[in-house]
Amino acid sequence: MGDPGLMITQFKASLSFLTMTTSKQARTRSSGLSLLTLLASLSVASAKLASTGLSVTLNDVYYFVSPFSSGKVDTPRSLSKVPDVVGFKPVTVIQDRVSQKEVSALLTNWTTIDDVFQPAFAEAIFLAESKGGHRPRSPAVEERHIFPRSSSSIITMKNTKIPSGPYFLEVATGSLYPVYRLYEDFAGAFTEPLIPTPDGKFQPMSAKIPGAASLSVGVPSRLYFTKSAAKPLAGVRIGVKDIYRLAGVKGSNGNRAWYDLYPASSSTGPAIQRLIDAGAQIVGLQKTSQFANGESATADWVDFHAPFNPRGDGYQDPSSSSSGAGASVASYEWLDIAIGSDTGGSIRGPAGVQGLFGNRPSHGLVSLDNVMPLSPTLDTPGFLVRDPKLWDAAQAALYGKNYTSFADKKPKYPKKILTVGFPTSTTSPASKMLVDFANALAKFVNGNVTALDLNTAWAATKPAEAGNITLSQLLNTTYATLITKEQTPLVRDPFYKDYAAAHANRRPFVNPVPLRRWAYGDSLPVSALTAAYAAKSLFMTWFNTHILAPSSPSSDDATCSSALFLYVGAAAGQNPRNAYNGPPGVPFGFGTSRIISVFAEVPDSVFPLGDVAGVGGVSAITGVEERLPVASTCWRPRGGTLEGGEVLMRRGLVGEEEQ
Ligand SMILES: *[C@@H]1O[C@H](CO)[C@@H](O)[C@H](O)[C@H]1NC(C)=O
Ligand SMILES: *[C@@H]1O[C@H](CO)[C@@H](O)[C@H](O)[C@H]1NC(C)=O
Ligand SMILES: *[C@@H]1O[C@H](CO)[C@@H](O)[C@H](O)[C@H]1NC(C)=O
Ligand SMILES: *[C@@H]1O[C@H](CO)[C@@H](O)[C@H](O)[C@H]1NC(C)=O
Ligand SMILES: *[C@@H]1O[C@H](CO)[C@@H](O)[C@H](O)[C@H]1NC(C)=O
């Protein structure tokens, strides 16, 4: 192994001078700080020096050393052979009850379960003193060969509070600092990488891999965290859509003027707090299309550049608005899950085109306080994730008692599989994959697939008060009305007012899509909102009675479901991000299946099925036929329970494994 090649890459400290503020000085400062006042203030100043962390490389791996210590250990003098930068040495803490002989096997295990730990941390190992062991006055040190070709100093340690894992030891004080591994955000998915602070807040991470064209994101060692019943998400690395407010962090909602105008939030909302309480590790805020409206890459994304969808030729639209969530989880193995929000498809869209699991839950399962609204009537929080087991655990943590996991149970499945807008022929590879999935699902539940025409069903069973109105007449403007009439007073109007007050009556910059939509909302009378609520309510009652009724508890109390309802989540369509689109419109119509769960308030989940050659042949970008994701989407009836991903994602059921 040789000596770890430990190198410092940056050292940052914020140095600010506390000055005695007199009214005279304040006046002087506002007109520019003169040398004289600077010197005057220096003479009475006390220097407030704070570390924002330290960046180093260890054997060419980029690390960030947290500025917040995990605790202290007694440090022997004999660690001089371990390299250091500015007094920080890479070390390992072992709290596991292992004998010295087992240390080697344990650390070898660590290299397979943690991407932050590497053998170079093992030149100095602090090993928890075994109970009843002798207690030497000064730390006992023993030299051993833990990894081939390197010798480790094993030091007995009394501190049992510091979790196992890699650390940087500040030799002068004996303080141990947690280590983050730095990764490049090459998909451009994040807006602000974060680290937790000891007071339960967050602060921006002050590190960047030199030369990288993107932000760098730091992830803590997985070894610091132990899953338990109370902490089912311990150590799970999560990205958070930049509409959820976090204590200590400025938000943007995808708008630069907003980021600039408002201070950091003083608190974290209840939804995210539940994930934190369950042990999830927030690694950063992630890009949203502006104010969570639907935007197409690239032209609509004026303030921020749209994240990169890694599938196919790498230049496909990542969909929106939880674009950073989808692009990051699809691109980075080091990130486990992301939380987005879905108002009209903002989770299901990015999940479908990036080959991920994604869910829109029933409406209202958890408070969305401290989250920027698009439409409180329709907004829901959900996840984008690669692993269905983690999906299940995360939903259980977020929705609490409003979620029932069937992962370890054997529920009775509904036998009726309904499809809407599903392909019938299997001529294209994408159609074949979707049809095969529906048939395999029917076989699995020992039931039948029935294609449903919603318009025909509506004509046959619609309520009397609907008259002879069609579904597309009833719901044509409902979504556009709700999102604009609800968002403008809640978000736009106070924003414009605050911005005008701070910027001499100016209006802030806003992207074309939200501007166009808000203008539509302004064109409507107040009564339009009442009409939209009525239309939504009429549809929801009809749908949840005649189309997707909960099963009666007596017939089947495990599934609560009379049917499973499938529609196409993604069908390997090409949607390149280098297309010039016309000016944005308003989302009218009732054409897409995605909107049904929005109005009916039923849970709606995306299941990646695999990938096939993209529709339309070779990519115009790479000149090669690239593969793109196919996904099915599944609604279930509204009710107190939701299934975990494990229910439908039994291996072998869904054709190709997701990559
Ligand atoms: C290493 O991991 C294996 C498999 O998870 C486990 O059985 C074994 O006990 C571990 N060894 C140590 C020393 O932790
Ligand atoms: C569950 O959902 C209900 C209704 O939507 C809501 O009032 C309640 O607060 C939720 N419960 C929890 C534990 O979040
Ligand atoms: C499937 O549909 C056929 C024809 O409609 C029907 O005879 C059969 O009983 C159905 N099977 C199940 C399991 O519902
Ligand atoms: C609805 O019914 C009325 C009469 O009750 C009729 O005048 C009208 O043309 C019908 N509209 C449609 C779209 O069928
Ligand atoms: C939907 O509403 C828009 C705006 O009022 C209108 O232009 C369009 O024709 C309507 N479409 C349908 C199908 O009613």
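Read the numbers this way: they start at 1 and go in the same order the structure lists the ligands and their atoms. One is the number of the first residue; the rest follow in order along the sequence.
The distance from ligand 2 to the heavy atoms of Arg274 drops below 4.0 Å at these ligand atoms: 12 (C), 13 (C), 14 (O). Near Gly364, meaning under 4.0 Å from any of its heavy atoms, are these atoms of ligand 2: 2 (O), 3 (C), 4 (C), 5 (O), 6 (C).
Among Asn476, Leu474, Val586, the residue whose heavy atom lies nearest to atom 3 (C) of ligand 5 is Asn476. With atom 1 (C) of ligand 1 as the reference point, the heavy atom nearest to it among Val98, Asp96, Asn109, Thr112 is part of Asn109.
Residue-to-ligand polar distances keep Val366 apart from ligand 2: every N/O pair is separated by 3.5 Å or more. Of the polar atoms of Asn402, at least one N or O is found under 3.5 Å from an N or O of ligand 2, judged by distance alone.
Applying ring pair (Phe, Tyr, Trp, His ring centres under 6.0 Å) to Tyr167 and the options Tyr224, Phe121, Phe126 leaves one that passes, Tyr224.
Distance check on atom 14 (O) of ligand 5: some protein heavy atom falls below the 4.0 Å cut-off. Counting only heavy atoms, the protein never gets under 4.0 Å from atom 9 (O) of ligand 5.
Looking only at side-chain heavy atoms (C-beta outward), Ile282 and Leu246 come within less than 4.5 Å of each other. Between Pro603 and Ser597, every side-chain heavy-atom pair lies at or beyond the 4.5 Å cut-off.
The distance between the ring centers of Phe291 and Trp518 falls below 6.0 angstrom.
The aromatic rings of Tyr520 and Phe588 lie perpendicular to each other, with more than 60° between the two planes, well past the 30° mark.
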